[in-house]
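The sequence lines fix the lettering, A, B, ..., with proteins before strands; numbering per chain opens at 1.
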2 protein chains.
Amino acid sequence: MEQKSQIDLGQLEQVAFAVQWKDDCCVLMDQTKLPGEETYLRCKDYREVVRAIKELIVRGAPAIGVAGAYAVALAAKQALQLASASEQMGFFEKATAEISAARPTASNLRWAVEQMKAVVRDRWGAGAFEMLNQHAIRIHEQDVSCNRAIAGFGAPLVVPGEVITYCNAGELATGGIGTAVGVIIEAFRRGRVSRVYVCETRPVLQGLRLTAWEMHKRGIPFTAICDNMAATVMKQRKVTAVITGADRIAANGDAANKIGTYGLAVLANHHQIPFFVAAPSSTFDLETPTGAQIPIEERSGEEIIGILRNNRPKFPLPVFNPSFDVTPSSLISAIICEKGVAKPPTQKSIADLFKG
Amino acid sequence: MEQKSQIDLGQLEQVAFAVQWKDDCCVLMDQTKLPGEETYLRCKDYREVVRAIKELIVRGAPAIGVAGAYAVALAAKQALQLASASEQMGFFEKATAEISAARPTASNLRWAVEQMKAVVRDRWGAGAFEMLNQHAIRIHEQDVSCNRAIAGFGAPLVVPGEVITYCNAGELATGGIGTAVGVIIEAFRRGRVSRVYVCETRPVLQGLRLTAWEMHKRGIPFTAICDNMAATVMKQRKVTAVITGADRIAANGDAANKIGTYGLAVLANHHQIPFFVAAPSSTFDLETPTGAQIPIEERSGEEIIGILRNNRPKFPLPVFNPSFDVTPSSLISAIICEKGVAKPPTQKSIADLFKG
């Protein structure tokens, strides 16, 4: 097999790279600084990647998967500096557990870490880092081609008009051109999208900060709205599709995604607008029967209250801050992955896609 | 008729006063500074009140109505300083038009200004200010008793459990204890509300800043959420009612209210949770047949983008910022006003309430 020391991202016609591998470093765009500043973080230590995942410097289920794979390679490199094989394997074991647990909801992270661990299972030795580095690059390349395939399957589903997207499921959320945004980019190229409504996505504003930035870079006409304006946009404008990504998809097609997605799906349903979910097959967790079994990360209330800055109350302000919600498959018109499109009956369609 | 130089607000058991009349000044709590600071603005010039309405220092349809009435009294006082009756009436005419136009969607403001103008129609003279001052106080007192009556009619409709409210329809939005919040306060007193979910209400955060502050002051258990979390709260928690205010209600029962209300009503409908609108009769505009004829104020995009503070993009970020939306009466379980409760068939129920 051809040896690669880095992935050739130059051919991808991308406008941004959430994750790169350069000179044995995992290079992450610091998404907390967008859209104001485009800065990068070079991680040599897997713990820096874990921190970056926890702090949302890198986010988006597929991007976290790719970053997690590179983190495992870094962990192996660090492990190999220890004296004995047992110390090395102990370090590596602990490190991969930490990486896997950095965020609980997305399945891609655990999927990537498990893939990586399998590479060196019973084969730990001096060559571990090389093998893992190669495999992380393959996982990254796989994500790139998944995105392309998803865009190809998804674009024809979009009836020409305006679309709504949520959070960020674009280049910043993946290794490639994005899942939901990849579909939008391809549909736009084919003249099927005239405008993209970007929901700001409280509390972290991935829509207003990241998707708006991507749309601008791509030259795709867009309008940012607050999340609570989506219903009015659906009612008043020519919205023909809502397209989002996903962080985990259960065997029955229930999909966990950024908090607010479920409500958006209910609104789309009410307005008889198709609701599409786009995600690579690594997002599917067929061992989770339904959405009810997907763990939902709750993050600090500070993410919400921070908006008040210097105008905080002098009393404690109780908040509820779930980061994700679950959209039942009954509200999803189609799930688009690189293997094809799962339409209702979704459970059977998913099983069929994953048979081969 | 008894002469009053100010309204006795001490008996209202209120925790806050959006609008007060003191020493010939209209005193407004500066709501843009809440919840961090409790400061007041003393307006001697009607133009200060107009500015305060435009800048959301005072907001909430009924409170704007009361403030607008006091502004008309101030305008009369200012007019009377001019030399001739025709100059005075010219100034007064121009001033009332400015006050009426300060914000376009709420009907209470225009209602109050028209009421005030009628007081001095064909009776302009040295006593104009006194008459108008008295009438503004009556409008204020009317709002106070409206709120009490609304609370009394609304509380029994709330099935014991948790409730969701939106924006701020409380003491800060009215002259009294609030419309939607008045119902919640009364239902809480009767043991029918165990927790209030307060939607933050982007972009101006009236929920997170104002309703949360009111709930804290009242000692009512509450949890603040982002607007996009309401669907999850409806699905997971024991929500038995959604209660909001309104800025204008058409003859058929379509209700304009803060942007996001319509989406919330769709979500309540999907989850089979009753959706209540509480508003004084001054909010009804029976000359507007349906919601389609209600003008919707669009405010500056800066209200949305301002959230990025020092992290703004270097490119122009297009946004859509409607301040209100219209909830069709078909999604409203009941409209509660001081005259009683209008249930479906709403158009007929409203007509019946307004007959007497």
Side-chain angles (χ1 to χ4, degrees), chain A residues 32-37 166 197 199-203 205 208-209 212-213 216 221-236 258-267 269-271 296 301 304-305 307-322 325-326, chain B residues 32-37 166 197 199-203 205 208-209 212-213 216 221-236 258-267 269-271 296 301 304-305 307-322 325-326:
Chain A
T32 64
K33 299 279 180 16
L34 283 171
E37 271 179 61
Y166 195 72
Y197 288 95
C199 299
E200 63 174 13
T201 319
R202 282 280 290 149
L205 302 173
L208 186 66
R209 295 190 302 106
W213 181 82
H216 168 74
F222 74 99
T223 301
I225 56 172
C226 295
D227 305 325
N228 57 20
M229 296 166 187
T232 286
V233 167
M234 288 183 194
K235 196 177 183 181
Q236 293 181 354
K258 182 55 54 200
I259 184 73
T261 305
Y262 165 56
L264 202 61
V266 172
L267 296 176
N269 196 253
H270 180 83
H271 293 90
I296 298 296
I304 296 177
I305 298 170
I307 197 175
L308 296 174
R309 305 252 178 159
N310 302 325
N311 190 20
R312 281 154 187 269
K314 290 170 181 66
F315 55 87
L317 209 164
V319 296
F320 174 47
N321 185 23
D325 59 25
V326 173
Chain B
T32 65
K33 300 278 179 18
L34 285 171
E37 270 179 62
Y166 194 72
Y197 288 95
C199 298
E200 62 173 15
T201 318
R202 281 282 290 150
L205 302 173
L208 187 65
R209 295 190 303 106
W213 181 82
H216 168 75
F222 74 98
T223 302
I225 56 172
C226 295
D227 305 324
N228 57 20
M229 296 166 188
T232 286
V233 167
M234 289 183 194
K235 196 176 183 183
Q236 293 180 355
K258 182 55 54 202
I259 184 72
T261 305
Y262 165 55
L264 202 60
V266 171
L267 295 176
N269 196 252
H270 179 84
H271 294 90
I296 297 297
I304 296 177
I305 298 171
I307 197 175
L308 296 174
R309 306 249 175 164
N310 303 325
N311 190 19
R312 282 155 185 267
K314 290 170 182 67
F315 54 89
L317 208 164
V319 296
F320 174 48
N321 185 22
D325 58 26
V326 173

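- Taking every heavy atom of both residues into account, A/P35 and A/W213 meet most closely at CB-CD1, 4.0 Å.
- Between atom CZ of residue B/R312 and atom CG of residue A/L208 there is a gap of 10.0 Å, rounded to the nearest 0.5 Å.
- Residue contact with chain B, scored on non-hydrogen atoms closer than 4.5 Å, involves the backbone of A/L34 exclusively.
- When all heavy atoms are compared, the tightest approach of B/A231 to B/L267 is CB-CD1, 3.9 Å.
- No donor-acceptor distance shorter than 3.5 angstrom exists from the side chain of B/N321 to the backbone of B/G301, with no hydrogens or angles considered.
- For the options A/E200, A/E37, A/R209, heavy-atom pairs under 4.5 Å to chain B are most numerous at A/E200.
- The candidate with the highest count of non-hydrogen atom pairs below 4.5 Å against chain B, out of A/N269, A/I259, A/D227, A/D325, is A/I259.
- Per-residue counts of heavy-atom pairs under 4.5 Å with chain A were compared for B/P318, B/P322, B/G263; the largest is that of B/P318.
- Per-residue heavy-atom pair counts under 4.5 Å with chain A were compared for B/V266, B/T261, B/N310, B/N228, and the maximum is reached by B/N228.
- The neighbour count for A/K235 NZ, taken as heavy atoms of other residues, nucleotides or ligands under 6.0 Å away, is above 12.
- Of the listed residues (A/H271, A/R309, A/M234, A/K258), the one with the most heavy-atom contacts under 4.5 Å to chain B is A/R309.
- With respect to chain A, the highest number of heavy-atom pairs below 4.5 Å among B/T201, B/I296, B/I307 belongs to B/I307.
- Counting heavy atoms from C-beta on, the side chains of B/L317 and B/L308 come closer than 4.5 Å.
- At a 4.5 Å heavy-atom cutoff, the contact between A/Y166 and chain B is made by side-chain atoms alone.
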Quiz item: What's the verdict on side-chain contact (heavy atoms from CB on, under 4.5 Å) for A/M229 and B/I304, showing C-alpha distance, side-chain angles and the deciding distance?
Solution: CA-CA 12 Å; A/M229 296 166 187; B/I304 296 177; 4.0 Å; yes

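- Highest contact tally toward chain B, considering only A/A224, A/G260, A/A230, is held by A/A224 [criterion: heavy-atom pairs under 4.5 Å].
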